[in-house]
Amino acid sequence: GATSTLVDVVGTMAVLSKDPLKPGVSVELNVSFIRAANVGETINIEGRLLKLGRKLAYTQVDLIAEDGKLIATGRHTKAL
């Protein structure tokens with residue numbers, strides 16, 4: 001649940017970085033859980049806007065461990 005929320009929020013922030021007046025509405029959200037994070041481990045979250053169209057925006061969010069290994073990745077589609 002927390003990872004999906006991060007994908008939702010960070011994906012929305014990626015859209016807002018290009019158009020601060022159009023946060024959009026979620027159309028699709030999927031998350032792939034690759035491995036567990038360790039207790040107390042710092043996790044880096046990277047959000048990217050893959051495409052911003054007239055009606056849809058596509059984002060990807062990666063959660064990466066301190067050692068550079070992927071913890072989870074998610075794709076988020078938003079209707080604008």
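All residue numbers refer to positions in the sequence shown, counting from 1.
Under the 4.5 Å side-chain heavy-atom criterion for Ile, Leu, Val, Met, Phe, Trp and Tyr, V31 and I45 are members of the same hydrophobic cluster. Following chains of ILVMFWY side-chain contacts shorter than 4.5 Å, one can reach V10 starting from I71, so the two form part of one hydrophobic cluster. Hydrophobic cluster membership differs between L52 and L16, with clusters built from Ile, Leu, Val, Met, Phe, Trp and Tyr side chains linked at under 4.5 angstrom. Grouping the Ile, Leu, Val, Met, Phe, Trp and Tyr side chains by contacts below 4.5 angstrom, directly or via other members, places V7 with F33. Under the 4.5 Å side-chain heavy-atom criterion for Ile, Leu, Val, Met, Phe, Trp and Tyr, I43 and L70 are members of distinct hydrophobic clusters.
Between V61 and T73, every side-chain heavy-atom pair lies at or beyond the 4.5 Å cut-off. Inter-residue side-chain proximity for L29 and R75 is flagged as unmet; no heavy-atom pair is nearer than 4.5 Å. You'll find the side chain of S26 stays beyond 4.5 Å of the side chain of T77, heavy atoms only. Between V15 and L80 the shortest side-chain heavy-atom distance falls below 4.5 Å.
The heavy-atom pair separating A65 from R35 by the smallest distance is CB-NH2, 3.2 Å. Pairing each heavy atom of A14 with each of G47, the nearest pair is CB-C, 4.5 Å. Across A72 and T3, no two heavy atoms sit closer than the pair CB-CG2, 3.8 Å.
Donor-acceptor pairing under 3.5 Å is lacking for the side chains of T59 and K78. Between the side chains of Q60 and D62, a donor-acceptor pair is found at a separation under 3.5 Å.
Grouped by direct or indirect side-chain proximity (heavy atoms under 4.5 Å, Ile/Leu/Val/Met/Phe/Trp/Tyr only), M13 sits with V9.
Here the CD1 atom belonging to I64 is positioned 13.5 Å from the OG1 atom belonging to T42, to the nearest 0.5 angstrom. Rounding to the nearest 0.5 Å gives a distance of 15.0 Å between NZ of K51 and NZ of K18. Summarising the geometry, atom NZ belonging to K69 is positioned 13.0 Å from atom CD1 belonging to I34; distances are rounded to the nearest 0.5 Å. Here the straight-line distance linking atom OG of S17 with atom CZ of R48 works out to 12.5 Å at 0.5 Å rounding. Of the inter-residue distances, the one linking D67 atom CG with N38 atom CG reads 8.5 Å to the nearest 0.5 angstrom.
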